[in-house]
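Beneath this line is the structure, given in structure tokens, with notes to follow.
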Number of protein chains: 2
Amino acid sequence: MAHTQDPMEVLNRYLDEHGMKHTRQREIIVGEFLKSNKHLQIEELLNQVKKIEPSIGYVTVYRTLMLLKECGLAHQRHFGDGKSLFEKAGDHHDHMICIKCGSINEFEDDRIEKLQEQVAKRINFKIVSHRHEIYGCCSRCQNE
Amino acid sequence: MAHTQDPMEVLNRYLDEHGMKHTRQREIIVGEFLKSNKHLQIEELLNQVKKIEPSIGYVTVYRTLMLLKECGLAHQRHFGDGKSLFEKAGDHHDHMICIKCGSINEFEDDRIEKLQEQVAKRINFKIVSHRHEIYGCCSRCQNE
DNA sequence: CCTCCGCTGAAAACCACTTTCAAATGAGTT
DNA sequence: AACTCATTTGAAAGTGGTTTTCAGCGGAGG
């Protein structure tokens, strides 16, 4: 029955195993990150966090996100090629990005995943991860 | 029989229509770009170009690539999230990128394209372009 | 061959990170 | 509770690739 998958547990275990400390800042930042349900820019998360503890700076948020990446709790993405976005690790999904309003729709299609694997196998390529993004115009923006 | 699709023609038309000039530098840079068959970094193209005319600088190559992008003759890509790569516009293809050696394999699969369209139609999303990249380990790197 | 305005190259500015460093703080030890 | 000391923190400085600025150059129509 053990083996909790609770993100906070995962983080705490990672910290302990690496001789790292449990600090108030990390707790706040991770808490806010996990609470959110969208793709977050560093600055956005920083703003959230500053509402709770204004003294926390960009760098600490940045480092905490790197930490979350390292223990597998977050993924970093680069869409429009501006700033990085971070999302909670979890079920896999790909993205449809509206080039007008920037909104992001997530999608998932097992048939596509399967075909990917087929294509990779053909040249003996071992897939580690992938990125599939569709750019275009969302239904809202099509009606001006 | 009119309507040539020759890239040079496309470029020249674009220049004329925008009151832009035909210069030796642009000619050399575009010539070298079109001659190449791989994904080029700005610096790589710069090196090619300098063999012909050493006085040409980074900035001019950069601006010429932006120009090519604008007239639809080149696409800009950001893979590993380091430097931009530019590739000739043409047949569409996606990429498999080796995370060890950085080599890039192009692939294409109509079935995947079709499924993409299906997924987009489902939420009334109008596709303009897409990016599909598979990261992993190429066969060469799997044998150390 | 003149003149105008786009073009060029070097250098400076930008921007989003990423690293550095001295001071502050967890958390074992006494 | 006080001591110790490696880890953290925040501000500031550094990076690296790209983008803009600007003074002089040069294409091309008159």
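Within every chain, numbering begins at 1; the chains are lettered A, B, ... in the order of the sequence lines, protein sequences first and strands thereafter.
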Q) Residues in ring pair (Phe, Tyr, Trp, His ring centres under 6.0 Å) with A:Tyr58, at least two apart? A) none

Quick one: [X] [atom1] to [N] [atom2], roughly how many Å, whole number?
X       : N      : atom1 : atom2 : answer
A:Leu46 : D:dT9  : CG    : P     : 14 Å
B:Gln41 : D:dG16 : CD    : P     : 15 Å
B:Leu65 : D:dG17 : CG    : C1'   : 14 Å
B:Glu17 : C:dG6  : CD    : P     : 17 Å
B:Glu53 : C:dT8  : CD    : P     : 12 Å
B:Ile42 : D:dT19 : CD1   : C1'   : 10 Å
B:Leu67 : D:dT19 : CG    : P     : 15 Å
A:Tyr62 : D:dA11 : OH    : P     : 17 Å

Q) Does A:Gln118 use its side chain to pair, donor to acceptor, with the backbone of A:Leu115 at less than 3.5 Å? A) no

Q | Whichever of A:Lys83 and B:Ser55 has its nearest DNA chain C nucleotide further upstream toward 5' | A | B:Ser55

Q. Start at the 5' end of DNA chain C and walk down; is the nucleotide closest to B:Thr60 or to B:His18 reached first?
A. B:His18

Using a distance-only test with no angle check, is there a side-chain donor-acceptor pair under 3.5 angstrom linking [X] and [Y]?
X       : Y        : value
B:Asp94 : A:His132 : no
A:Glu87 : A:His39  : yes
A:Gln76 : A:Ser84  : yes

**Q.** Annotated protein contacts, base or backbone, on nucleotides 20-30 of chain C with a non-hydrogen cut-off under 4.0 Å, one of B, S, - each
**A.** B-----BS---

Q | Nearest non-hydrogen partners of B:Met8 and B:Gly31, listed with the distance | A | CE-N, 4.0 Å

Q.
Does the plane of the ring in B:His95 sit parallel, tilted or perpendicular to the ring in B:His93? Use 30° and 60° as the thresholds.
A. perpendicular

Q: For A:Tyr58 and for B:Ser84, locate the closest nucleotide of DNA chain D by heavy-atom distance; then report the residue assigned to the nucleotide nearer the 5' terminus.
A: A:Tyr58

